[in-house]
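This report concerns only the one structure given below.
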Amino acid sequence: MPAIAVIGAQWGDEGKGKVVDMLAEKAKVVVRFSGGDNAGHTVINPYGKFGLRLVPSGIFSSRTVCIIGNGVVINPEVLIGEIDLINQHGVDTSRLFISDRANLIMPYHTLLDGLEEEARGGKAIGTTRKGIGPAFADKVARLGIRAGDLLDREAFLERLRQIMDYKNTILTRVYGVEPLSPDEVYRQYCQYGERLAPHIRDTSVMVEEALERGEKVLLEGAQGTLLDPDFGTYPFTTSSSPLAGEGSLGVGIGPTRISDVLGVFKAYCTRVGAGPMPTELQDETSDLIRERGHEYGTVSGRPRRCGWFDAVAGRFSSRINGFTGAAITRLDILDTLPRLKICTGYKLEGKMIDYFPSSVVALAKCQPVYEELSGWQVPTNDIRKFEELPLQARQYIARLEELIACPVAIVCVGPEREQSIIRRDIL
Ligand code: GDP
Ligand code: IMO
Ligand code: MG
């Protein structure tokens with residue numbers, strides 16, 4: 001049985017956590033492959049409501065092994081806090097494994113994320129300030145500390161001293177702040193290492209063996225396609241790839257192991273942080289969506305920017321990820337609207353274009369061109385069969401399907417696990 005990737009198709013917060021929690025019951029392994037604790041994946045199930053940041057959303061399914069892959073950057077303090085919280089709700093976490101190759105977020109990463117944002121002033125990216133950018137930068141600069149390093153204290157101390165020497169020079173000379181104590185960081189991270197050691201493994205082998213045994217493997221994406229450092233709204237992006245391709249690199253399996261890619265879209269668009277968003281609204285409709293949909297960040301609590309579904313961006317996302325199916329979440333949030341709009345093209349400097357520009361300067365100038373559809377104006381929360389959705393809702397989904405060039409396999413009509421309409425079995 002091959003692996004199936006679940007990917008954020010827009011600017012993040014599409015409902016990946018809910019979809020993975022729902023599908024995980026049938027999976028033997030669930031792996032997070034990118035991002036870090038900038039992610040906030042909401043899961044509501046019989047155990048309670050959780051905003052997971054590092055632990056894969058499959059943890060609530062008792063037979064599922066959960067893995068934090070090599071492509072994730074891990075803040076050990078956050079991870080331990082999350083494990084404790086999950087345990088307090090009666091959920092076993094002995095099935096959770098961490099790649100020995102995953103880079104760690106260190107105290108200087110979080111500190112530098114904040115300092116860099118301050119230095120950007122009016123041009124700030126609006127990062128989550130969790131140290132994600134600095135940690136991924138260190139990974140490729142070969143200045144990272146990896147989970148496996150915590151298992152050899154002597155080698156860890158030597159490497160930490162060398163790296164912190166350099167980091168403290170930047171902190172004191174560039175930013176004029178107090179240096180961090182390497183001994184203090186060493187002591188703290190040794191404690192984390194002791195706690196996490198039973199979970200640290202060569203997880204790539206574990207996934208490969210599961211695939212060899214014919215078991216179902218789910219790859220849980222974080223962030224969204226339009227935050228990808230290459231294909232997103234650079235530089236207003238995150239620092240690791242949320243794309244399906246990373247599902248192979250961030251886990252350590254070959255790309256041919258991934259047979260299906262499920263793109264998770266909201267029925268409209270949201271974005272947290274700065275950067276262009278062509279369909280953003282600042283009127284009663286966006287206020288209504290924000291309040292009805294509680295559109296406030298899971299991690300930062302920031303109000304999310306809201307707007308109509310952008311099918312130009314959606315088609316682009318579908319193409320670069322190779323979606324074989326889509327999940328449309330939060331259809332219910334649109335229940336009260338009399339008219340709906342879908343962006344089908346952009347007008348750029350007087351000319352119609354049908355592609356997502358690579359430059360944010362161009363994207364910021366794009367005017368959305370809309371198609372209007374009738375709303376359904378009846379509650380959909382309790383509907384479980386596609387045929388039972390109001391005609392206008394089915395027409396809305398059919399039009400999205402056509403525009404993003406990908407069949408809709410799942411429609412979600414509420415935050416809870418059961419509030420879902422499955423049109424085609426994914427696993
Ligand atoms: P993720 O980061 O992609 O996992 O998404 P978040 O958890 O950050 O944000 C999605 C929000 O939508 C969460 O509050 C979910 O509980 C909620 N949600 C998911 N699907 C639905 C849905 O179909 N309807 C409603 N009303 N809420 C949903
Ligand atoms: P999930 O997995 C929404 C955004 C931040 C900021 C930009 C860079 O819950 O969908 P970073 O801290 O990554 O350097 O911030 O990316 N961002 C997200 N937005 N959902 C997320 O994750 C996000 N992770 C990062 O708001 O604009
Ligand atoms: Mg989120």
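Only a predicted model underlies this, so the values are computations on that prediction, with no experimental measurement involved. In listed order, ligands and their atoms are each counted from 1.
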Within-4.5 Å side-chain heavy-atom neighbours: Cys343 and Val312: yes
Under a 4.5 Å cut-off applied to non-hydrogen side-chain atoms, are Arg304 and Arg271 in contact? no
Distance under 4.0 Å to a non-hydrogen atom of Cys412: what atoms of ligand 1 satisfy this? 23 (O)
Please work out which of the three classes, parallel, tilted or perpendicular, describes the rings of Phe323 and Phe265, given edges at 30° and 60°. perpendicular
Measure the distance from [atom] to every protein heavy atom, then report the residue, atom name and distance (to 0.1 Å) of the closest one.
atom	value
atom 24 (N) of ligand 1	Asp332 OD1, 2.8 Å
atom 15 (O) of ligand 2	Thr127 CA, 3.3 Å
atom 4 (C) of ligand 2	Leu227 CD1, 3.9 Å
atom 9 (O) of ligand 1	Asp13 O, 3.6 Å
atom 13 (O) of ligand 2	Thr238 OG1, 2.6 Å
atom 20 (N) of ligand 2	Asp13 OD1, 3.1 Å
atom 19 (N) of ligand 2	Val272 CG2, 3.5 Å

Of the listed options ([options]), which comes nearest to [atom] when hydrogens are ignored and any heavy atom counts?
atom	options	result
atom 11 (C) of ligand 1	Glu220, His294, Arg330	Arg330
atom 6 (P) of ligand 1	Gly17, Gly293, Gly40, Gly414	Gly40
atom 5 (O) of ligand 1	Gly15, Gly297, Gly51	Gly15
atom 7 (C) of ligand 2	Thr128, Val73, Thr237, Thr233	Thr237
atom 1 (P) of ligand 1	Lys49, Lys16, Lys18	Lys16
atom 2 (O) of ligand 2	Glu116, His41, Arg302, Arg304	His41
atom 6 (C) of ligand 2	Gly126, Ser34, Gly40, Ala124	Gly126
atom 7 (O) of ligand 1	Thr42, Asp21, Ile421	Thr42
atom 22 (O) of ligand 2	Arg271, Arg32, Gln223, Arg129	Gln223

[X] bridged to [Y] by N-O distance under 4.0 Å:
X	Y	answer
Asp287	Arg290	yes
Glu387	Lys385	no
Glu401	Arg423	yes
Asp113	Lys130	no
Arg257	Glu208	yes

Ligand 1-proximal atoms of Ile333, by part, heavy-atom distance under 4.0 Å: side chain
In terms of side-chain heavy atoms, does [X] have a donor or acceptor partner in [Y] at a distance below 3.5 Å?
X	Y	answer
Lys18	Ser420	yes
Asp335	Gln377	no
Asn75	Asp37	no
Asp310	Thr279	no

May I ask you to check whether Gly40 brings an N, O or S atom to under 2.8 Å from the Mg ion (ligand 3)? yes
Number the atoms of ligand 2 from 1 as they appear, then name those within less than 4.0 Å of a heavy atom of [X], with their elements.
X	value
Gly273	27 (O)
Lys16	1 (P), 2 (O), 10 (O)
Ile125	27 (O)
Ala222	2 (O)
Ala39	1 (P), 2 (O), 9 (O), 22 (O)

Counting N and O atoms only, with roles assigned by atom type, does the side chain of Arg330 sit under 3.5 Å from a partner on the main chain of Lys266, one being a donor and the other an acceptor? no
Using a 3.5 Å distance criterion without hydrogens, assess whether the side chain of His199 forms a donor-acceptor pair with backbone atoms of Leu96. yes
Give a yes/no on ligand 1: does Gln223 have at least one heavy atom closer than 4.0 angstrom to it? no
Examine Phe60 together with His89 and report whether their ring centres are nearer than 6.0 Å. no
Look only at interatomic distance and state if Asn38 has a nitrogen or oxygen under 3.5 Å from any nitrogen or oxygen of ligand 2. yes
Sole candidate of Glu118, Glu116, Glu117 that passes side chain to side chain donor-acceptor pair (under 3.5 Å) when paired with Arg129: Glu118
Check contact between Trp11 and ligand 2, using heavy atoms of the residue and a distance below 4.0 angstrom. yes
Considering only N, O or S atoms of Asp13, the one closest to the Mg ion (ligand 3): OD1
